[in-house]
Structure formats: C-alpha cells, structure tokens
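Structure, as structure tokens:
Atoms within a ligand are numbered from 1 in the order they appear, just like the ligands themselves.
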Amino acid sequence: MQAFRDENVPIIERGEGFELIDIEGNRYIDGISSLWCNMHGHQVQEVDDAIREQLGKIAHTTMLGLSSPPAIQLAKALVDRAPAGLTKVFYSDSGSTAVEVAIKLAFQYHQQKTRGPEKRTTFLCMSNAYHGDTVGSVSVGGISLFHGIYGHLLFKTIQVPTPVALRTPDGYTREGYLEHCVAEMERLIREHHHEVAGFVIEPLVQGAAGIQIHPTGYLKRVRELTRQYDIPLIADEVAVGFGRTGTFFACEREEVAPDFLCLAKGISAGYLPLAATLTTDEIFSAFLGQPHEGRTFYHGHTYTGNPLACAAALASLELFEQQNLLEHIGKQTALIAEKLAPLAEHPHVGEIRQKGIMVGIELVGSREGMLAFPANARMGHQVTLEARKRGLIIRPLGDVIVLMPAPGMPLDLLGKVCDITVESIQAALELRA
Ligand SMILES: *Cc1c(COP(=O)(O)O)cnc(C)c1O
C-alpha cells in the first residue's frame with residue numbers, strides 16, 4: 001500500500017460528459033470509462049432523470065420475497081437482448097457476485113437436474129483469467145499476482161492454457177503454440193467432463209490479464225465441446241458486454257449461446273452497483289419443487305436488484321439504442337486502430353491488442369524475446385503519470401497500457417485520448433533513457 005501513501009492521487013469531485021474534474025479544478029478525460037463501466041459519460045441527463053424519477057418513488061426495498069417494476073422491466077430487456085435460450089435473470093451487485101452466483105447455480109444444478117443427479121465438483125477455467133475478488137470467483141481465476149497468496153482458501157479447478165502467444169514456451173512457433181492450447185482445451189474437456197460442473201470463460205477477451213485476445217473461433221470450439229459433453233458454459237461478460245468488443249454481447253460474434261451469462265460493469269451505465277446472472281429454463285427447472293424438497297437456491301444479496309440501479313440500467317439500454325451506439329463503436333474501433341498504428345513499430349512496444357474499444361498496449365524492455373522492463377521501473381505506471389499531466393486518466397495492468405473509452409465518447413475526444421497516450425508513452429520512455 002506504500003505507493004498510495006507516497007503519491008498524490010487526484011480527488012475527483014465532479015464529472016461532466018467524458019471528463020473528470022478534481023477538487024483543484026483540473027480536468028481529465030476519462031480514458032478507462034471509470035474502470036470499464038461508464039457507458040454514456042457522466043451527468044447524463046437521461047440516466048440522471050431516470051434515477052431521480054425512481055428516487056421519487058422508492059430507493060430500495062428487497063427482492064427477497066418482493067419485486068419492483070424496474071427490476072422486472074430490466075429482466076425482460078436483458079432477456080430480449082441476450083443470446084437465445086437465456087430466459088431467467090438473477091440479480092446481484094457486482095461482477096464477482098454475478099460469477100459467484102453462476103458457479104453455485106451450476107454446482108447445484110448437477111445435483112438436482114431432472115435427467116438424473118451427478119456429482120460434479122470442479123470447474124474448467126482459463127489460465128490468467130479474472131472473474132472477481134471474492135473467494136469463489138478467485139478460485140476460477142488465474143492471475144497469480146492477485147490470487148497466488150490465497151491458494152489454500154480456493155477450491156480446486158482445472159486450468160486450460162489461454163490461447164495467446166506473445167511469448168511462447170521454448171520449442172513452439174506462434175501458430176504451433178496456439179494449436180497446442182486448443183488441443184489442450186479439447187483434451188481437458190474430454191478427460192474431465194464427468195467431474196466438471198461448468199466451463200468458465202471471458203468470451204473473446206481476457207481483460208484483467210492485459211486485454212488478451214483469443215483467436216477467432218476459439219469460443220465457438222469451446223461451446224461445441226461443452227455442449228457435446230454436457231458442460232454448462234459460463235460466459236463472464238462483465239467486461240466485454242454492452243458493446244465493448246463491437247457486438248452487444250461478445251458471445252454474439254461467434255454465434256454462441258452460453259448456459260450462464262454474467263453481467264455487471266456497463267450494465268448500469270457505470271452509475272450504480274448492479275449485476276445479473278442470466279440462465280436457461282433447463283437450469284432453472286432443476287431448482288423447482290416443493291419447499292421440503294430443498295431445491296431452492298439459497299443465495300441473495302441485500303441490495304440485489306436495487307431499483308435505482310435498475311432504473312439507470314433501463315435508461316442506459318434505451319440510450320444505447322437511440323444513439324445507435326453499436327455503429328458508433330465501429331467508428332471508434334477504426335479510429336483507435338488508425339491512431340495507434342504508428343506505435344506498432346516502436347522498439348519498446350511489444351504488441352498492440354485491440355478488440356472493439358478494448359485496447360492493451362504492451363510495453364517491453366526489448367522486443368528481442370519480448371523481455372519485460374524490470375518490475376521496479378513501473379513503466380505502465382510512469383506512462384499513466386505522464387498522461388495525467390496531459391489531462392488524461394488511464395490505468396495500466398502492469399506494463400500494459402489500457403484504453404477503455406466509453407461507447408458514447410465522441411470521436412474528437414477519443415482521438416485526443418489516443419494522441420495523449422502515444423505522447424505519454426514516448427515521454428515515459430525518454431525519461432527512462
Ligand atoms: C471487473 C470484472 C469482474 C469483477 O467485477 P466487480 O464488479 O469488480 O466485482 C469479473 N469479471 C470480469 C471479466 C471483470 O472484468
């Protein structure tokens with residue numbers, strides 16, 4: 001925690017549009033959509049109004065035994081939007097809980113399924129995955145920096161190697177290593193399906209791993225095999241959902257319908273904590289029965305389905321349609337690629353990874369062998385300090401510079417985000433030289 005004591009952290013007092021304003025009046029462009037969740041900017045009239053209107057009715061009661069109109073309307077809107085077959089919605093309040101809920105549902109489902117109960121006690125998940133910070137979601141995660149110390153607290157999983165290849169193990173070509181990863185995924189499913197309660201994956205892009213992008217067709221292959229071996233597919237779209245990869249949900253790009261869809265971050269326009277876990281009639285039906293049969297899913301967070309958050313989410317979905325944001329995201333995607341292209345040849349840029357408006361620029365000490373900078377150089381952090389001086393807030397993942405603009409950000413402002421990022425990378429590297 002020492003770094004937090006040693007550094008002057010801006011204290012943000014206001015937000016206007018896509019800018020953050022600190023208590024000293026400094027303005028910064030919000031280049032990471034306030035940690036990947038803001039959708040349309042700050043103080044957005046339509047979202048503010050929807051929350052105020054709901055505030056005039058009730059701020060919160062409970063969804064344990066009751067419901068509320070915004071929660072019901074939002075459930076319907078999410079089901080209408082989601083891949084086919086996802087007809088049931090379970091609310092919670094963060095990405096971690098959305099995943100936690102899916103894991104527990106999948107685990108319980110196999111013990112209660114009408115086709116005959118099975119004891120399936122482990123999960124397949126991706127190496128370097130991030131699904132949240134609660135103990136269950138950490139168990140299906142694989143980022144050693146965040147997760148390593150909790151080893152003894154976690155349940156057992158089977159890790160599938162992430163199919164990415166900036167650095168390949170000895171003896172592999174890039175293509176060869178990617179093929180190896182796909183073959184391993186296939187082998188692990190075939191060997192372990194009888195003990196696996198679910199396959200957990202961030203579709204297309206592993207965000208916290210450093211915006212790591214899976215090869216085209218990977219998700220589809222996972223779906224084919226999990227379907228063949230009757231393994232529920234748990235798609236964690238907490239980061240990739242709501243347009244960020246260029247389709248409304250990332251699963252759509254490979255025409256995949258998962259058995260669970262976990263949503264949070266962008267769901268409420270980045271205004272209030274809200275999450276949803278969607279699932280199928282098939283899974284839901286395993287939880288039906290008389291109370292004494294004990295099929296109930298005993299899980300519910302106090303602020304689950306909060307009406308203010310649901311009202312914000314409904315307003316956000318409406319704005320998304322009205323402003324035709326998917327088309328705008330297409331333009332944002334092209335602009336980012338064009339603006340960052342000159343960096344590709346930079347001797348300290350190992351790789352620029354982009355899927356839609358999710359971007360990771362990986363800095364390296366040397367492109368020869370893709371050697372990292374020494375950790376204590378904190379290169380990623382240095383770049384964000386340079387960016388801050390130039391009026392841009394970004395946050396790195398190690399030495400990966402992340403850009404995650406809001407889907408509603410206008411193109412001229414997004415161009416500025418890219419320009420400042422390029423300048424800041426150059427400035428930080430010059431300081432080091
Ligand atoms: C951020 C994130 C989470 C965790 O969400 P919280 O709301 O921070 O608990 C889970 N999965 C993915 C893919 C994420 O990016």
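Residue Ser96 has at least one N or O atom closer than 3.5 Å to an N or O atom of ligand 1. Remark: ligand 1 and Ala264 share no N or O pair separated by less than 3.5 Å (distance only, no angle test).
Those atoms of ligand 1 with a heavy atom of Glu202 less than 4.0 angstrom away are 13 (C). Here is the list of ligand 1 atoms found below 4.0 Å of a heavy atom in Ser94: 7 (O), 9 (O). Below 4.0 Å from some heavy atom of Gly132 lie the following atoms of ligand 1, by number and element: 4 (C), 10 (C). Residue Ala239 has at least one heavy-atom neighbour below 4.0 Å for each of these atoms of ligand 1: 15 (O).
A tilted orientation is assigned to the rings of Phe155 and Phe123, their planes being inclined by 30° to 60°. Using cut-offs of 30° and 60° for the angle between ring planes, the Tyr172 and His180 rings count as tilted.
Scanning all protein heavy atoms for the shortest distance to atom 13 (C) of ligand 1 gives Asp236 OD2, 3.3 Å. Of all protein heavy atoms, the one lying nearest to atom 5 (O) of ligand 1 is Gly95 CA, 3.1 Å. For atom 2 (C) of ligand 1, the closest heavy atom belonging to the protein is Lys265 NZ, 2.6 Å.
Side-chain contact check for Leu317 versus Leu74: some heavy-atom pair is nearer than 4.5 Å. Side chains of Arg223 and Glu254 form no contact here, defined as non-hydrogen atoms less than 4.5 Å apart.
By the criterion of a heavy-atom distance under 4.0 Å, the backbone of His131, and not its side chain, is placed next to ligand 1.
Annotation: His299 is in aromatic contact with His301 [ring centroid separation under 6.0 Å].
Residue pairs meeting the salt bridge (charged side-chain N to carboxylate O under 4.0 Å, His left out) criterion with at least one partner in residues 145-154, sequence neighbours excluded, do not occur; the list is empty.
Residues passing the side-chain hydrogen bond (donor to acceptor under 3.5 Å, both in side chains) test with Ser92 are Thr97, sequence neighbours excluded.
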